[in-house]
Q: 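First, the structure itself, so that you have it in front of you.
All figures in this text were calculated on a predicted structure; none of them were measured in a lab. Per chain, numbering begins at 1; letters A, B, ... match sequence-line order.
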Amino acid sequence: MQYFTFLCLGIWAAIGVTGMREIEAAAVTRAVEALCIESNVRLGADIRAALRRARGEEHGALSRAVLGMLLENADAAEADHLPMCQDTGLATVFVTLGQEVHIVGGALGEAVQAGVARGYERGFLRKSVVGDPIDRRNTGDNTPAVVYYDVVPGDRLTLTVAPKGFGSENMGRVAMLTPSDGLAGVMDFVVDTVRRAASNPCPPVIVGVGVGGTMDKAALLAKQALLRPVGSVHPDPVWAEREASLLRGINALGIGPAGFGGQTTALAVHILPHPTHIAGLPVAVNLGCHATRHGSAEL
Amino acid sequence: MLLRITAPLLDEVIERLHSGDMLAVSGVVYTGRDAAHRRMTEALARGEALPFDPTGQIIYYAGPCPAPPGRVIGSIGPTTSGRMDAYAPALIRCGLKAMIGKGPRSPEVVEAIRTCGGVYFAAVGGAAALMSRCVKQAEVVAYPDLGTEAIRRLVVEDLPVVVAVDCRGGCVYDVTRADAPRPFCPRV
């Protein structure tokens with residue numbers, strides 16, 4: 001009887017008073033583990049469709065062969081349950097936490113990292129993370145992942161895992177332009193970043209651009225821009241036109257699939273603009289390879 | 001037409017290759033990337049032998065994923081070759097005939113390829129599951145402590161590559177149009 005009273009009090013305290021929805025830390029770990037494996041093994045349908053379309057539009061034998069090989073690779077990865085690229089990357093995890101969610105049974109951050117460690121071990125993914133950036137000793141389990149938290153209204157927890165290889169990550173750039181550089185300055189910087197990167201980021205690339213905010217905000221936006229489905233149109237028609245113009249300019253560079261020449265250097269340009277300071281015009285570019293990977297789950 | 005070649009490579013085979021040719025490579029290939037190259041270069045500087053005889057051989061710049069049960073190797077695609085540019089000429093002068101990687105090479109590497117009669121192949125970056133299917137045997141032959149960066153002796157069958165730098169110095173990457181139009185709003 002005494003136990004029943006405590007139980008009732010417990011439930012009352014958890015739901016009646018706080019109105020919080022409880023999510024077990026272990027459930028977070030399981031979800032992150034599955035997302036690490038899935039996102040590395042399964043290429044998104046949006047990118048597959050874009051690669052197929054590009055293959056139809058390319059004229060050169062070599063560029064068509066490369067695009068065909070990338071599609072075949074996506075099939076092979078799924079069929080053999082292998083990661084599509086051996087560089088299974090450093091995982092970035094975006095945690096969007098409803099403010100009515102209460103994580104129980106462990107710390108949220110530790111649960112995310114445990115999920116990454118388990119996913120990379122059980123999925124036979126390459127562990128590519130070194131601890132100290134100068135000593136460079138491998139941590140052995142691909143942690144720590146880079147984790148961003150956002151708190152929003154509601155009682156849902158959304159997890160997005162975006163592993164990224166460093167062939168492409170190394171080619172990103174940030175510039176603190178001045179307001180007088182304007183739109184032309186932003187456009188030139190983006191195209192120039194793709195031009196300098198050439199074959200290194202494994203083209204055809206997806207070009208993520210963050211414009212505005214602060215230096216760090218622009219860089220974060222550039223990475224978040226890669227999460228948008230390829231083939232989707234920017235909701236603001238003015239920015240949609242700028243994206244289309246940039247894509248034309250980038251594909252006129254001639255770098256092509258794998259850098260062997262061709263008209264498909266990028267599959268898409270995604271821009272995330274953000275308010276900024278009267279004195280600044282930060283712009284960041286994050287290049288995603290043809291295997292730009294991400295997966296989401298809602299708990 | 002797809003050319004088939006077998007490693008170790010003969011000079012007369014290398015001479016027939018032109019930048020832009022698509023090839024299928026079979027035979028023995030050694031993996032090695034950043035850390036293994038640093039160690040090999042240090043060994044040469046001390047006057048020691050390399051952990052394998054590079055004469056006529058191919059090095060594949062790759063760090064594979066762990067092999068799941070029942071597989072020879074995990075996913076294995078090329079890494080960026082430019083990071084090995086500092087080490088490659090010394091290995092080429094020791095008899096190394098070919099490298100597989102991705103991306104352009106430094107003028108020093110192209111020059112070493114030209115003068116020693118070598119070749120540089122580019123594999124398609126990211127096509128790593130497909131290339132895993134081409135690996136029939138794999139064993140670690142040096143630097144096991146380096147994990148994915150250890151030197152592995154692979155036996156491959158029809159590994160798809162493109163001739164990126166041929167023995168005359170011809171390069172597939174000379175494709176970027178410096179005059180590419182800028183279809184944006186003009187500066188005011």
Side-chain angles (χ1 to χ4, degrees), chain A residues 41 61-62 65-66 69-70 72-88 123-128 136 138 140 165 167 170 182-185 187-188 191 195 198-203 242 245-246 248-250 252-262 289-291, chain B residues 1-2 19-22 34-35 62-71 73-83 101-104 122-133 145-149 160 162 164 172-188:
Chain A
V41 169
L62 198 49
V66 170
M69 210 184 281
L70 297 181
E72 218 183 311
N73 184 63
D75 291 340
E78 249 185 80
D80 296 357
H81 205 74
L82 288 179
M84 59 193 110
C85 179
Q86 82 289 338
D87 189 351
T88 49
F124 296 93
L125 308 179
R126 198 179 80 183
K127 288 80 177 171
S128 312
R136 307 199 71 78
N138 198 299
N170 276 339
L183 180 63
M187 299 286 227
D188 280 353
V191 176
R195 186 200 311 269
S199 64
N200 287 323
C202 289
R242 290 168 183 163
S245 169
L246 269 173
R248 282 192 299 274
I250 287 165
L253 290 171
I255 295 164
F260 299 149
C289 63
H290 56 69
Chain B
M1 189 197 62
L2 186 72
S19 69
D21 287 350
M22 283 182 265
D34 308 60
C65 285
R71 288 196 70 94
I73 205 159
S75 293
I76 178 164
T79 194
T80 303
S81 306
R83 293 194 315 273
K102 70 178 172 89
V124 173
L130 210 52
M131 283 184 262
S132 169
R133 287 179 171 180
D145 59 302
L146 294 180
T148 185
E149 293 201 57
V162 170
V172 78
Y173 290 113
D174 297 334
V175 291
T176 307
R177 289 175 50 198
D179 63 333
R182 296 183 175 187
F184 319 131
C185 43
R187 281 176 194 281
V188 282

Q: Between B:Ala129 and A:Pro83, which heavy-atom pair has the shortest distance, and what is it?
A: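 What the structure gives for the nearest pair is CB-O, 3.9 Å.
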
Q: Is a side-chain donor or acceptor of B:Lys102 paired with a backbone partner of A:Asn200 at a separation under 3.5 angstrom?
A: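 Present.
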
Q: CD/A:Glu72 to CZ/B:Arg133 distance, rounded to the nearest 0.5 angstrom?
A: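 Output value for this atom pair is 8.0 Å.
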
Q: Side chain, backbone, both or neither: which part of B:Pro104 has a heavy atom under 4.5 Å from chain A?
A: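 For B:Pro104, heavy atoms of backbone and side chain both lie under 4.5 Å from chain A.
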
Q: Checking heavy atoms, do the side chain of A:Ala77, its backbone, both or neither come under 4.5 Å from chain B?
A: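 Contact with chain B: backbone and side chain both.
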
Q: Counting N and O atoms only, with roles assigned by atom type, does the side chain of A:Gln86 sit under 3.5 Å from a partner on the main chain of B:Ala128, one being a donor and the other an acceptor?
A: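 Side chain of A:Gln86 to backbone of B:Ala128, a donor-acceptor pair under 3.5 Å: no, none is there.
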
Q: What do the steps show when you test A:Val66 against B:Val162 for side chain to side chain contact (heavy atoms under 4.5 Å, CB included), and what is the final call?
A: CA-CA 10 Å; A:Val66 170; B:Val162 170; 5.6 Å; no

Q: Run B:Met131 and A:Asn73 through side chain to side chain contact (heavy atoms under 4.5 Å, CB included) and show every step you take.
A: CA-CA 8 Å; B:Met131 283 184 262; A:Asn73 184 63; over 6 Å; no

Q: Please give me the minimum heavy-atom distance between A:Thr88 and B:Cys65, naming the atom from each residue.
A: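 Scanning both residues completely, I find the closest heavy atoms to be CG2-SG, 3.9 Å.
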
Q: Write down the atom of A:Phe124, the atom of B:Pro66, and the distance for their closest heavy-atom approach.
A: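 In terms of heavy atoms, the two residues are closest at O-CD, 3.4 Å.
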
Q: Measuring heavy-atom distances to chain A, does B:Pro64 have an atom under 4.5 Å in its side chain, in its backbone, in both, or in neither?
A: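 For B:Pro64, backbone heavy atoms alone lie under 4.5 Å from chain A.
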
Q: Under 4.5 Å from any heavy atom of chain A, what part of B:Ala164 do you find: side chain, backbone, both or neither?
A: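 For B:Ala164, neither part sits under 4.5 Å from chain A.
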
Q: Counting C-beta onward and ignoring hydrogens, is there a side-chain heavy-atom pair between B:Leu130 and A:Met84 closer than 4.5 Å?
A: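 Not in contact.
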
Q: Go through the atoms of A:Ala65 and report whether side chain, backbone, both or neither lie under 4.5 Å from a heavy atom of chain B.
A: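 Contact with chain B involves the side chain of A:Ala65 alone.
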
Q: Looking only at heavy atoms, what is the nearest atom pair of B:Gly63 and A:Arg126, with distance?
A: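 Minimum heavy-atom contact is O-NH1, 2.7 Å.
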
Q: Please lay out, stage by stage, how A:Leu70 and B:Val124 fare under the test side chain to side chain contact (heavy atoms under 4.5 Å, CB included).
A: CA-CA 8 Å; A:Leu70 297 181; B:Val124 173; 3.6 Å; yes

Q: For the residue pair A:Leu82 and B:Ser75, what are the closest heavy atoms and their distance?
A: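 What the structure gives for the nearest pair is CB-OG, 3.5 Å.
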
Q: Out of curiosity, A:Leu62 CG to B:Asp21 CG, how far, rounded to the nearest 0.5 Å?
A: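 Result: 9.5 Å between the selected atoms.
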
Q: Taking B:Pro68, B:Ser19, B:Gly125, B:Ser81 one by one, which has the highest count of heavy-atom pairs under 4.5 Å against chain A?
A: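 Max contact count across the listed options: B:Pro68.
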
Q: What are the two closest heavy atoms between B:Gly103 and A:Ser199, and how far apart are they?
A: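 Nearest heavy atoms, B:Gly103 then A:Ser199: CA-OG, 3.2 Å.
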
